[in-house]
Amino acid sequence: MEAVQAVRGMNDILPEQVGWWQGIESAAREVLENFGYREMRTPVAEKLELFARGIGESTDIVEKEMYAFQDRNGDWLALRPEATASIVRSYVQHKLHADSGHCKFYQIGPMFRHERPQKGRYRQFHQIDAEVFGLDGPMIDAEMMHMLDVLLERIGISGVTLNINSLGCAKCRQVYREALKSFLVEKGDGFCGDCMRRRETNPLRVFDCKVQRCGELLESAPRLIDYICDDCRAHFDAVKDGLEKLGTRYAVNPRIVRGLDYYMRTTFEVITDRLGSQNAIGGGGRYDGLVRDLGGPDVPAVGFAMGMERLVLLLEQEKGRPVRLPRCFFASLGEKAGQSAFLLAQQFRGQGIETEIDYEGRSLKSQMRRADKSGARYVLILGEDELARREIQLRDMLTKTQRIVPLENILETLLAVDSEK
RNA sequence: GUGGGUGUAGCUCAAUUGGUUAGAGCACUGGGUUGUGGCCCCAGAGGCUGUCGGUUCGAGCCCGAUCACUCACCCCA
């Protein structure tokens, strides 16, 4: 009988790793709530149309990476490839914009893209996602990036760089696109095949190219920064000013272009050099037109997403795994003592003391070995002799000291001994 | 979707030019101590060498296919 395997690119997170995940999630909740964000949980599947409209028909995500399928009614659905479209949909559907001036939401959960897996990139992956609706000023852009900085520090990740850029608004970007396009045509066939193709489909993306020659040619390319209109420039300057006042270090990087259609003005990425070619651990930007495009009011918005797998990979490089250890381990000899130990262990757990026990009636030596491996600080040994005398042995595995305690006092004694340490 | 690399015990890896019964370390189980952990010693268990086909007297090793993993491209978190 052949065993069934997990789906390609969709991974189990086993107990020995789950500590990282719990740490990241609790840090994220703490920091985001602290900045006024509230959690929202949307379904993992949506109407296919939502993503097609929200992310952009011509993006790679929509064109070839979506988990799309027909349900039994024949409706086209898709597993969400990112969270923003869903959150916007929910925001519009429940008319949350009626509540107050602005809204801040976050969401933590799995996303799905049918790509070829590699290091730091999987078909089911997890994101921490935050969105703000109703604010068009630069302060929130700066605050959001600052929050990202705070969050990463709280999680315990260092050595990353915040790169920022401005894409301008629809108007100035149009002017720039034309200028860039004619530059690319002028330079002709010096560029790689991919860039030649991008020239027609999405010229801005040439800045993402990793081919060295293309990078060199682009040195003299027109810069978006020089083309953005006065309003956009003022916005960008104010974002940078805000970051400086908040003490958040950043680098202006004109190559931060982002793959989703809806971005405008501020875009940013948090980059690391320790993850191979998947170097972005988080990214986001402003998308003022999207809510309207998805049938809602004309509300400005900013958001970001962080890749949790990539955070875990970084944490693993830096530190040893966090392991959870039981406090107590019950060892017993004989059937009657085993029963008593079993009931005592439940009492301990009832008091919130993490407790493990041998269930199999093994030799004491073997139980001690297991106790040691479990990492428990205290072992409680109950044999027939102790039971007859209404006593129990309390052994401290660290100090290797052992004492006899009356059975009815064991809980209080343990609590007293443990709190001294 | 395209290209490279790798598949041998739970894990990390050996196995001479193709040659008899595929080994080791770690981990696991038991014992050395009638009831006491780590170190040490002894023993045990654990494998269709990813799968299918081919070449050969003979394949873990060579060839083909397939699957999986992995890295990179593309793209992105």
Side-chain angles (χ1 to χ4, degrees), chain A residues 2-3 5-9 11 14 16 24 55 58-66 80-84 108-130 148 160 192-195 197-198 201-202 205 208-211 256-260 268-272 275-284 303-314 329 331-334 337 358 360 362-387 393-402:
Chain A
E2 198 164 319
Q5 303 239 309
V7 174
R8 170 167 219 198
N11 301 312
L14 300 175
E16 76 168 8
I24 291 168
I55 299 170
S58 67
T59 56
D60 278 15
I61 292 176
V62 171
E63 268 183 1
K64 47 189 199 200
E65 294 171 4
M66 278 224 281
R80 60 183 183 196
E82 52 110 54
T84 303
I108 300 175
M111 308 293 156
F112 303 85
R113 291 182 202 172
H114 192 103
E115 300 178 272
R116 191 88 165 250
Q118 63 182 277
K119 187 187 178 79
R121 192 177 73 186
Y122 310 100
R123 290 185 173 177
Q124 175 177 332
F125 60 104
H126 299 77
Q127 288 187 333
I128 298 163
D129 191 276
L148 216 47
V160 296
C192 70
D194 286 325
C195 284
R197 185 169 48 76
R198 291 189 187 106
T201 56
N202 193 349
R205 296 221 61 92
D208 260 354
C209 187
K210 285 168 183 139
V211 177
I256 301 298
V257 166
R258 318 272 322 147
L260 284 54
F268 55 91
E269 269 179 20
V270 180
I271 311 269
T272 173
L275 242 41
S277 78
Q278 307 310 316
N279 63 350
I281 64 173
F304 74 81
M306 276 209 286
M308 297 181 72
E309 280 76 2
R310 294 180 186 180
L311 297 177
V312 170
L313 285 171
L314 285 177
F329 192 104
S332 63
L333 285 153
D358 176 78
E360 294 164 282
R362 311 157 70 85
S363 72
L364 184 59
K365 182 195 185 88
S366 153
Q367 293 185 61
M368 291 300 289
R369 265 211 271 260
R370 289 209 175 178
D372 185 48
K373 265 169 213 147
S374 80
R377 173 74 188 266
Y378 305 101
V379 179
L380 295 113
I381 304 161
L382 187 65
E384 300 292 358
D385 297 351
E386 286 84 359
L387 190 60
Q393 308 257 9
L394 171 59
R395 180 174 179 82
D396 184 330
M397 296 294 271
L398 209 67
T399 61
K400 302 181 195 177
T401 55
Q402 193 164 321

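Just so we're on the same page: letters track the sequence lines, and every chain starts at 1. All values below come from the heavy atoms of this structure, side chains included, with hydrogens, waters and symmetry mates left out.
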| message | Heavy-atom nearest nucleotide on RNA chain B for A:V7 versus A:K64: which residue maps closer to 5'? | response | A:V7
| field | Interatomic distance, A:Y378 atom OH to A:D396 atom CG [nearest 0.5 angstrom] | value | 5.0 Å
| field | Between A:E386 and A:Q393, a side-chain donor and acceptor under 3.5 Å | value | yes
| field | B:C69 versus B:A15 - spacing of their C1' atoms, nearest Å | value | 23 Å
| said: Rounding to an integer number of Å, can you tell me how far A:R123 CZ sits from B:A77 P? | reply: 18 Å
| B:C52 and B:C13: how far apart are their C1' atoms, nearest whole angstrom? | 27 Å
| task | Working to the nearest 0.5 Å, report the span between CG of A:L313 and NZ of A:K119. | result | 5.5 Å
| field | Base B:G50 paired with A:Q5 side chain (donor-acceptor, <3.5 Å) | value | no
| side-chain N/O A:R121 vs B:C75 OP1/OP2, d < 4.0 Å | no
| request: Can you tell me, in whole Å, how much space there is between the C1' of B:U34 and that of B:G38? | output: 23 Å
| message | Rounded to whole Å, please give me the gap between NZ in A:K400 and C1' in B:G37. | response | 9 Å
| note | Testing B:G30, B:G35, B:U36 for proximity to the side chain of A:R395, the answer is B:U36
| task | Test A:D372 against A:F329 for side-chain contact (heavy atoms from CB on, under 4.5 Å), laying out the working first. | result | CA-CA 9 Å; A:D372 185 48; A:F329 192 104; over 6 Å; no
| query | Which part of the nucleic acid, if any, lies within contact of A:E309, taking any heavy atom under 4.0 Å across all strands shown: a base, the sugar-phosphate backbone alone, or nothing? | reply | nothing
| said: Over all strands shown, is A:D129 touching base, sugar-phosphate only, or nothing at heavy-atom distances under 4.0 angstrom? | reply: nothing
| query | Would you say A:Q118 reaches B:A72's phosphate, i.e. side-chain N/O to OP1/OP2 under 4.0 Å? | reply | yes
| query | Contact class for A:E360 (heavy atom, under 4.0 Å): base, sugar-phosphate, or nothing? | reply | nothing
| What stems, by residue range, does RNA chain B take part in, given at least 3 consecutive Watson-Crick or G-U pairs under 3.5 Å? | B:1-7 with B:67-73, B:10-13 with B:23-26, B:28-32 with B:40-44, B:50-54 with B:62-66
| message | On RNA chain B, compare the nucleotides closest to A:G307 and A:A376; which residue's is nearer the 5' end? | response | A:A376
| Whole-angstrom distance between B:A45 and B:G58, as gauged at atom P | 32 Å
| task | Find the distance A:F268:CZ to B:A77:C1' and express it as a whole number of Å. | result | 12 Å
| Among the nucleotides B:G35, B:G37, B:C75, which one has an atom lying closest to any side-chain atom of A:K365? | B:G37
| message | Measure NZ/A:K373 against P/B:A27 and give the value in whole Å, please. | response | 8 Å
| A:E115 and salt bridge (charged side-chain N to carboxylate O under 4.0 Å, His left out): which partner among A:R123, A:R8, A:R121, A:K64? | A:R121
| In whole Å, what separates the C1' atom of B:G37 from that of B:G47? | 32 Å
| field | Flag side-chain contact, heavy atom, 4.5 Å: A:R113 against A:Q124 | value | no
| Distance, rounded to the nearest Å, where A:E115 contributes CD and B:A72 contributes C1' | 14 Å
| request: Check if the side chain of A:R370 and the base of B:G37 share a donor-acceptor pair of N or O atoms closer than 3.5 Å. | output: no
| said: If you compare every side-chain N and O of A:S363 against the phosphate oxygens of B:G31 (OP1, OP2), does one of them come in below 4.0 Å? | reply: yes
| Just checking A:Q367: base, sugar-phosphate only, or nothing, at a heavy-atom cut-off of under 4.0 Å? | nothing
| request: Enter the distance from A:I55:CD1 to A:M66:CE here, rounded to the nearest 0.5 Å. | output: 6.0 Å
| For the pair made of NZ in A:K119 and C1' in B:A77, what is the distance, rounded to whole Å? | 15 Å
| request: Using the C1' atom on both, measure B:G32 against B:C62 and round to a whole Å. | output: 49 Å
| said: Rounded to whole Å, please give me the gap between CE in A:M368 and P in B:G32. | reply: 16 Å
| How many angstroms lie between atom CG of A:L380 and atom CD of A:Q402, to the nearest 0.5 angstrom? | 10.0 Å
| message | Nearest whole Å is fine: how far is B:G50 C1' from A:R8 CZ? | response | 15 Å
| request: Look at the side chain of A:E82 and the backbone N and O of A:M111, then say whether any donor-acceptor pair between them is shorter than 3.5 Å. | output: no
| query | Reckon A:I281 touches a base, only the sugar-phosphate, or nothing at all at heavy-atom distances under 4.0 Å? | reply | sugar-phosphate
| remark: dist A:Q127:CD -> A:L311:CG (nearest 0.5 Å) comes out at 10.5 Å
| query | How would you label the contact of A:Y122 with the nucleic acid (heavy atoms, under 4.0 Å): base, sugar-phosphate, or nothing? | reply | base
| task | Provide the distance between the two P atoms, one in B:C67 and one in B:G10, to the nearest whole Å. | result | 24 Å
| If we take the P atom in both B:A59 and B:G50, what is their distance in whole Å? | 15 Å
| query | Within the structure shown, what part of the strands sits under 4.0 Å from A:R116 by heavy-atom distance: base, sugar-phosphate, or nothing? | reply | base
